[in-house]
Amino acid sequence: MSASAPEVLRVAVAGAGRMGARHIRTFNALEGVEVSVIYDPRPATECDLSDAMQGRCTQSYRAFLEQARRADMAVVAGPTATHFGVTRDLIGCGLSCLVEKPMTVRPRECLMLGRLARAHGTGLFCAHIERFNSALQATAGLLRDHPWEEVNITRHNPDSARLSGDSIVTDLMIHDLDIVQHVMGLTPEALLGVESGPGQSAGEGADHVAVRLQTDAGYPVTLSTGRLPDSRQRVIHARGAKGSLHVDLLNGGHDLQFAPQDLPADPADSTGGDALTRQAQAMVCSVMDGQSHGLASAEQSWQTLTLCQLIEQRLWLAS
């Protein structure tokens, strides 16, 4: 963006479904930010939007792109199958884009969009919201640097079963794959093992998947992800020779259990607040100064989506 920043940063949003509506409310609530145009193929009255936002919603994709050219950035939050084409068009309008996860259907499309964004001089990021979870931000340094023996990340969300066309891996587990990549570091070669729950179908039909990874930080991580009708959970449990760390991503807290003489540096206090708002603020800062501010790049999205693909392939081979 030019040195003379606008008084109001205008945001174009493609998709006014569940996540799109949340992005619209979040960005429009930021000081100095305004959602200027919204695209959704449904009538505006069927979208979960205020009357004011319904007035900025269009069912015409062509009209949306014409108005988007006058915006300063865009959010892409429609169905995953539309992400590549819509993001390509918005980059072509000269807009930096925040794309809901997964960024694309196929990993190579992330790289294609990344090259296109660089050619147009625009930013391109994926909305991995857990990066802005206050509990994770408070404990990321300790998770990365302490010599843990093993880390387990558990994510159970029975509400996710309402989604159609998304496997448990690309819908839920992708959050934790990004956490491991972002905090601990890994590569596609880090995949040690994959299994679905006992007696369950594999692939997109699995309701529980467990994955074991080797991290760049030197210790293994086990991811356990489920859509089964259990209570919701989003927790990280790290175990070391002299103590443990429990991180509650759902409620924004953490608990460090060590003997006083073995206590590592205590994590920073969780600041609380809304991860979606912090992510939106990071995107606005990125538009203003061209830095990533902790947002997931197209290349990182490619790596995470490649791991999702490898996990799904192993599930199908095992079925």
Side-chain angles (χ1 to χ4, degrees), residues 101 128-160 167-198 200 202 206-259 262-267 270 275 303-304 307-308 310-312 314-315 318:
K101 62 84 187 167
H128 281 293
I129 192 172
E130 291 286 31
R131 292 188 174 209
F132 299 90
N133 186 302
S134 59
L136 182 65
Q137 290 182 328
T139 56
L142 185 55
L143 284 167
R144 179 171 50 248
D145 299 332
H146 189 77
W148 303 108
E149 293 180 349
E150 186 161 12
V151 173
N152 293 276
I153 305 180
T154 302
R155 181 177 299 267
H156 291 164
N157 185 6
D159 293 339
S160 169
S167 77
I168 191 173
V169 178
T170 55
D171 174 33
L172 291 180
M173 184 172 279
I174 193 171
H175 288 290
D176 299 320
L177 290 169
D178 182 72
I179 287 175
V180 176
Q181 178 203 69
H182 178 57
V183 175
M184 306 149 195
L186 49 74
T187 64
E189 292 75 27
L191 188 57
L192 301 177
V194 179
E195 62 181 36
S196 58
Q200 294 183 31
D207 286 324
H208 182 269
V209 175
V211 168
R212 191 167 174 83
L213 304 159
Q214 181 62 41
T215 68
D216 291 347
Y219 52 77
V221 173
T222 299
L223 308 183
S224 176
T225 307
R227 283 174 167 166
L228 299 172
D230 300 322
S231 59
R232 294 178 66 202
Q233 292 185 63
R234 286 158 49 199
V235 298
I236 303 173
H237 187 77
R239 179 181 56 81
K242 298 182 179 181
S244 65
L245 171 66
H246 182 83
V247 183
D248 186 347
L249 297 170
L250 186 61
N251 298 300
H254 63 268
D255 181 35
L256 192 61
Q257 296 288 337
F258 278 79
D262 299 319
L263 193 67
D266 196 25
S270 299
Q303 187 176 32
T304 305
L307 267 172
C308 288
L310 290 172
I311 290 166
E312 290 175 336
R314 291 202 186 184
L315 285 170

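Computed from a predicted structure; not experimentally measured. For the numbers below, each heavy atom of this structure counts, side chains included, while hydrogens, waters and symmetry mates do not.
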Item to check | Closest non-hydrogen atom pair between Arg131 and Leu136, with its separation | outcome: CA-CD2, 4.3 Å

Checklist entry - Would you say Asn133's side chain and Ala135's backbone share a donor-acceptor pair under 3.5 angstrom? => result yes

Item to check | Where Tyr219 and His146 come nearest, the two heavy atoms and their spacing | outcome: CE2-O, 4.1 Å

Next on the checklist: Between Asp178 and Gln181, does the side-chain contact (heavy atoms from CB on, under 4.5 Å) criterion hold? Intermediate values first, please.
Outcome noted: CA-CA 5 Å; Asp178 182 72; Gln181 178 203 69; 3.6 Å; yes

Checklist outcome for this item: Rounded to the nearest 0.5 angstrom, the CG-CD1 distance for Leu177 and Ile153 is 8.5 Å

Item to check | Option passing side-chain contact (heavy atoms from CB on, under 4.5 Å) with Leu213 (candidates Leu223, Leu192, Ile311, Asp176) | outcome: Leu223

Item to check | Shortest non-hydrogen separation from Ile174 to Thr170 and the atoms involved | outcome: CG2-O, 3.2 Å

Checklist entry - What closest approach, in Å, do Ala217 and Arg144 show between heavy atoms, and which atom pair accounts for it? => result CB-O, 3.8 Å

Next on the checklist: Set out, in order, the CA-CA distance, both residues' side-chain angles and the distance that settles side-chain hydrogen bond (donor to acceptor under 3.5 Å, both in side chains) for Arg239 and Ser244, then state yes or no.
Outcome noted: CA-CA 4 Å; Arg239 179 181 56 81; Ser244 65; over 6 Å; no

Next on the checklist: Looking at every heavy atom in both Trp148 and Gly240, which two are closest together, and how far apart are they?
Outcome noted: CE3-N, 3.6 Å

Checklist entry - How far apart are the closest heavy atoms of Glu149 and Pro220, and which atoms are they? => result O-CD, 3.4 Å

Checklist entry - Roughly how far, to the nearest 0.5 Å, is the CG atom of Leu249 from the CZ atom of Arg155? => result 6.5 Å

Checklist entry - Looking only at atom types and distance, does a side-chain atom of Thr139 sit under 3.5 Å from a main-chain N or O of Leu142, one as donor and one as acceptor? => result no

Checklist entry - Roughly how far apart are His175 NE2 and Thr304 OG1, rounded to 0.5 Å? => result 11.5 Å

Next on the checklist: Show, in sequence, the C-alpha distance, side-chain angles and deciding distance for Asp171 and Arg227, and conclude whether the side-chain contact (heavy atoms from CB on, under 4.5 Å) test is met.
Outcome noted: CA-CA 10 Å; Asp171 174 33; Arg227 283 174 167 166; 3.1 Å; yes

Checklist entry - Got a second to check how far Asp255's CG is from Leu245's CG, nearest 0.5 Å? => result 8.0 Å

Checklist entry - Atom NE2 of His208 and atom CD1 of Ile168: how far apart are they, to the nearest 0.5 Å? => result 7.0 Å

Next on the checklist: Go through it in stages, so that I can follow the logic: the residues are Ser231 and His156, the test is side-chain contact (heavy atoms from CB on, under 4.5 Å), and I'd like the CA-CA distance, side-chain angles, deciding distance and then a yes or no.
Outcome noted: CA-CA 7 Å; Ser231 59; His156 291 164; over 6 Å; no

Checklist entry - Quick one: CG on Leu307 to CE on Met173, what's the gap to the nearest 0.5 Å? => result 10.5 Å

Next on the checklist: Apply salt bridge (Lys or Arg N to Asp or Glu O under 4.0 Å) to residues Lys101 and Glu130 and explain how you reach the verdict.
Outcome noted: CA-CA 11 Å; Lys101 62 84 187 167; Glu130 291 286 31; over 6 Å; no

